[in-house]
Amino acid sequence: MKKKSSLLALCLALCLALTACGGTQTTQSEDESGSVAPDASASAEAEPEADTSTTAASSEGSEYTSITFETVEGSVTGDDGKEIVTYSYQVPTVTLADSAAQAAVQEDLDAVVETFVTYVQGEFATQAKEAYATYYEGTEDGSFGFSDKLTFTLARVDDAVISLVIDEVGYSGGAHGWDTRYCRNYDAQTGETLTFDMLGENFRSTAEELVLERAAEMQEEEEIFFEDYATYIPFVVCDGTELCADVYAQVYPDLYGADSSEEAPEGTLEPTYYLTQEGVTFLSGEYVMQPYAGGIVEFVFLYDELIDVMNSQYML
């Protein structure tokens, strides 16, 4: 069972020029004052010539802590001029009281966007072009189309914590599309990425116990998980420090163990938890602990349930 969320970083590392596939991209947006913002796609290399359109910005937070978003839309065409890929992504702009903290958070979120742009204009566009040429080009079937969309949801933005939920929703043929969901969590005072060690000495082990207890209750009531769902807890309680090689070897020893020939994805897993005003939520993504029909499962815990193990400065 191969999960797109775990392999995404490896796929996105392949950078191909969009100009080889053809395409357009909208880059103009407005900030809250109504003025035209700088080109939001400047971080991507080999950009095609851009059309322009006006997009909306949103903001949330305190007087000194806020995030606004600008939306960029684009497309990729085949050799015959047909639009075969459509995509869009949000570009966050972070405002924090401390300039160093602001720069750290901005740099990390910029990397999320750049990774998406590199992937969708590179490998994803190449896959679409190959599929179109193989199955649709020269036919009268006009249904072909790949799509990908990157969005940010603000879960919590205040002077202590910045927590965002990130969704990549796409379609590349087949019976259904996908929703790859992961998170980013920061200390709003320092800009540091929040790890479980920062949240509390026993936070990870307690979170694993709570998630498994809740999953057992849900399984008894609805039977929504795989029979061996507990095996996949390392993919559900993640803070982004976990090495893919270690987790894959633990969960899939026959495929990625010391004696196997398969190589796990490089790098680390994406964080799968976020903080709100009320508590902490952990995510079981598509095909992790449950089949596709189960959707994305969220395990929500109030701060009162974590009060004995969680650092009070991050609770409300």
Side-chain angles (χ1 to χ4, degrees), residues 2-29 37-52 55 67 69-79 83-94 103-133 145-152 164-173 177-184 193 240 243-244 263-271 285:
K2 188 175 292 185
K3 286 171 279 295
K4 183 179 185 297
S5 58
S6 300
L7 296 176
L8 183 61
L10 186 63
C11 294
L12 299 177
L14 304 176
C15 181
L16 302 173
L18 175 60
T19 50
C21 300
T24 60
Q25 177 166 294
T26 65
T27 57
Q28 181 177 333
S29 60
D39 186 347
S41 62
S43 61
E45 298 180 358
E47 295 283 353
E49 293 185 3
D51 295 331
T52 60
T55 58
I67 301 179
F69 297 97
E70 300 165 357
T71 299
V72 179
E73 297 180 343
S75 64
V76 178
T77 57
D79 294 337
E83 187 176 75
I84 59 175
V85 175
T86 58
Y87 63 87
S88 67
Y89 56 93
Q90 292 180 309
V91 181
T93 298
V94 180
V105 175
Q106 187 68 61
E107 181 180 7
D108 191 55
L109 293 178
D110 285 347
V112 172
V113 174
E114 184 174 2
T115 295
F116 173 83
V117 173
T118 300
Y119 167 66
V120 77
Q121 294 183 350
E123 174 144 332
F124 192 64
T126 300
Q127 291 173 353
K129 186 174 181 180
E130 291 174 350
Y132 179 68
F146 281 28
S147 64
D148 212 348
K149 181 178 182 180
L150 181 73
T151 60
F152 296 83
L164 302 96
V165 181
I166 306 170
D167 282 276
E168 183 181 340
V169 180
Y171 178 76
S172 57
W178 71 82
D179 183 349
T180 301
R181 183 174 297 171
Y182 54 100
C183 309
R184 286 293 185 272
T193 297
L243 292 175
C244 289
E263 292 187 7
E266 297 178 354
T268 58
L269 297 177
E270 296 284 7

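- L269 has its side chain within reach of C244: a pair of non-hydrogen atoms, C-beta onward, lies under 4.5 Å apart.
- In this structure, I84 CD1 and T77 OG1 are separated by 7.0 Å, a value rounded to the nearest 0.5 Å.
- Across F146 and A131, no two heavy atoms sit closer than the pair CZ-CB, 4.1 Å.
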Before you tell me yes or no, could you show the steps for Y132 and V76 under side-chain contact (heavy atoms from CB on, under 4.5 Å), namely the whole-Å CA-CA distance, both residues' side-chain angles and the distance that decides it to 0.1 Å? CA-CA 12 Å; Y132 179 68; V76 178; over 6 Å; no
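- With hydrogens and angles disregarded, no donor-acceptor distance shorter than 3.5 Å links the side chain of S147 to the backbone of T86.
- Aromatic ring orientation, F69 versus F152: parallel (interplanar angle below 30°, classes split at 30° and 60°).
- Here E270 contributes atom CD and T180 contributes atom OG1; the two are 9.5 Å apart, rounded to the nearest 0.5 Å.
- Between Y87 and F116, the ring planes are perpendicular. Angles over 60° get that label, and only those under 30° would be called parallel.
- Residues passing the side chain to side chain donor-acceptor pair (under 3.5 Å) test with D108, sequence neighbours excluded: R184, Y186.
- Atoms CD and NZ, from E168 and K149 in turn, are 12.5 Å apart once rounded to the nearest 0.5 Å.
- Judged by distance alone, the side chain of Q106 and the main-chain N or O of P92 form a donor-acceptor pair under 3.5 Å.
- Each of T71, V72, L109, L150 was compared with V91 under the side chain to side chain contact (heavy atoms under 4.5 Å, CB included) criterion, and only V72 meets it.
- Taking CG of L164 as the reference point, atom SG of C183 lies at 9.0 Å (rounded to 0.5 Å).
- Residues D148 and W178 have side chains in contact (heavy-atom distance under 4.5 Å, counting atoms from C-beta outward).
- Closest heavy-atom contact between V85 and A125: CG2-CA, 4.3 Å.
- Comment: K129 engages D79 in a salt bridge, judged by a side-chain N to carboxylate O separation of less than 4.0 angstrom.
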